[in-house]
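Any value given below was found using the heavy atoms of this structure, including those in side chains, with hydrogens, waters and symmetry copies removed.
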Amino acid sequence: MKLTHCPCGRTNPKGQALSLDACCGPHHANQNAPDAERLMRSRYSAFVLGDVPYLLATWHSSRRPAELTLETGGKWLGLEIKQHRVTGADTAEVEFVARFRVGGKAVRQHERSRFVREDGRWFYVDGDVL
């Protein structure tokens with residue numbers, strides 16, 4: 001799937017949508033995300049693109065599932081970052097709302113996710129559905 005804009009919805013200072021190559025694409029190609037919010041955005045984009053290997057690689061080993069099967073037939077509609085909060089030297093939380101439609105039904109995933117940085121790399125740990 002070739003996209004014009006990055007699925008995460010990030011924009012430049014002029015409010016123009018960033019391309020996947022200028023936004024989440026480098027993280028999918030193994031460049032470390034600079035903070036938990038950028039990792040969260042890149043994981044959302046990976047869900048949109050169906051990039052299961054990236055999702056598993058960025059999931060902390062203490063909570064990573066053995067396998068991940070994405071729901072088929074869904075359409076991702078957007079991501080809204082509500083808050084990015086640094087909680088420690090190597091920990092952070094990101095509150096977000098991800099919207100998608102599956103089987104004609106609209107779904108709104110509102111979550112506060114926890115992240116940890118190890119050896120300079122951020123990982124998704126877990127989250128609370130809000």
Side-chain angles (χ1 to χ4, degrees):
M1 170 192 310
K2 185 65 176 164
L3 300 174
T4 307
H5 304 302
C6 188
C8 84
R10 242 176 105 226
T11 59
N12 67 19
K14 293 182 179 181
Q16 299 164 319
L18 294 176
S19 69
L20 182 61
D21 290 341
C23 191
C24 293
H27 306 307
H28 296 168
N30 210 29
Q31 181 184 69
N32 290 349
D35 57 41
E37 179 184 340
R38 292 286 295 278
L39 180 64
M40 175 61 233
R41 288 181 174 281
S42 70
R43 286 177 55 82
Y44 172 84
S45 292
F47 273 104
V48 172
L49 298 168
D51 189 347
V52 171
Y54 180 77
L55 291 166
L56 291 172
T58 57
W59 212 314
H60 192 265
S61 60
S62 68
R63 300 291 181 105
R64 181 184 306 132
E67 60 182 54
L68 178 64
T69 304
L70 301 181
E71 185 127 16
T72 57
K75 177 172 175 47
W76 292 92
L77 303 173
L79 174 69
E80 178 187 356
I81 301 294
K82 297 280 199 181
Q83 183 182 41
H84 171 221
R85 189 167 70 94
V86 174
T87 57
D90 292 306
T91 58
E93 292 179 345
V94 178
E95 181 182 346
F96 69 92
V97 175
R99 297 177 305 107
F100 57 99
R101 183 175 304 281
V102 63
K105 187 176 188 177
V107 180
R108 185 176 182 269
Q109 173 76 21
H110 187 181
E111 182 176 310
R112 182 175 299 114
S113 297
R114 285 176 285 282
F115 296 84
V116 64
R117 181 173 47 199
E118 292 180 349
D119 299 322
R121 192 169 198 95
W122 284 98
F123 294 93
Y124 168 75
V125 178
D126 61 13
D128 298 319
V129 175
L130 302 174

For F47, enumerate each residue passing the ring pair (Phe, Tyr, Trp, His ring centres under 6.0 Å) test, keeping only those at least two apart in sequence or located in another chain. W76
For H28, what residues pass the ring pair (Phe, Tyr, Trp, His ring centres under 6.0 Å) criterion, not counting sequence neighbours? Y54
Under 3.5 Å, is there a donor-acceptor pair between the side chain of R117 and the main chain of A89? yes
For S45 and S42, indicate whether the former's side chain and the latter's backbone hold a donor-acceptor pair under 3.5 Å. no
Please tell me whether [X] and [Y] are part of a single hydrophobic cluster in this structure, the criterion being side-chain heavy atoms less than 4.5 Å apart.
{"X": "F123", "Y": "V52", "result": "no"}
{"X": "V97", "Y": "F115", "result": "no"}
{"X": "V94", "Y": "L130", "result": "no"}
{"X": "L18", "Y": "I81", "result": "no"}

Once you round to the nearest 0.5 Å, how far does [atom1] of [X] lie from [atom2] of [Y]?
{"X": "R10", "Y": "Y44", "atom1": "CZ", "atom2": "OH", "answer": "15.5 Å"}
{"X": "Y124", "Y": "R43", "atom1": "OH", "atom2": "CZ", "answer": "6.5 Å"}
{"X": "T58", "Y": "N30", "atom1": "OG1", "atom2": "CG", "answer": "11.0 Å"}

If you take all heavy atoms of [X] and [Y], which pair is closest and at what distance?
{"X": "H84", "Y": "A92", "answer": "NE2-CB, 4.1 Å"}
{"X": "V102", "Y": "T72", "answer": "CG2-O, 4.3 Å"}
{"X": "N32", "Y": "G120", "answer": "ND2-O, 3.4 Å"}
{"X": "A57", "Y": "R64", "answer": "O-NH2, 4.2 Å"}

Non-neighbouring partners of [X] that pass side-chain contact (heavy atoms from CB on, under 4.5 Å), sequence neighbours left out:
{"X": "A17", "value": "H5"}
{"X": "T11", "value": "none"}
{"X": "P65", "value": "L56, W59"}
{"X": "P34", "value": "H27, R38"}

May I ask you to test the L79-V48 pair for a side-chain heavy-atom distance under 4.5 Å? no
Tell me the salt bridge (Lys or Arg N to Asp or Glu O under 4.0 Å) pairs involving [range], sequence neighbours left out?
{"range": "residues 74-85", "answer": "E80-K82, R85-E93"}
{"range": "residues 118-130", "answer": "R63-D126, R114-D126, R114-D128"}
{"range": "residues 96-106", "answer": "none"}

Apply side chain to side chain donor-acceptor pair (under 3.5 Å) to Q16 and list each qualifying residue two or more places apart in sequence or on a separate chain. N12
Using side chain to side chain contact (heavy atoms under 4.5 Å, CB included), reason through Q109 and F96 one step at a time and then give a plain yes or no. CA-CA 8 Å; Q109 173 76 21; F96 69 92; 4.3 Å; yes
Qualifying residues under salt bridge (Lys or Arg N to Asp or Glu O under 4.0 Å), relative to R41, sequence neighbours excluded: E37
For D35, all residues meeting salt bridge (Lys or Arg N to Asp or Glu O under 4.0 Å), sequence neighbours excluded: none
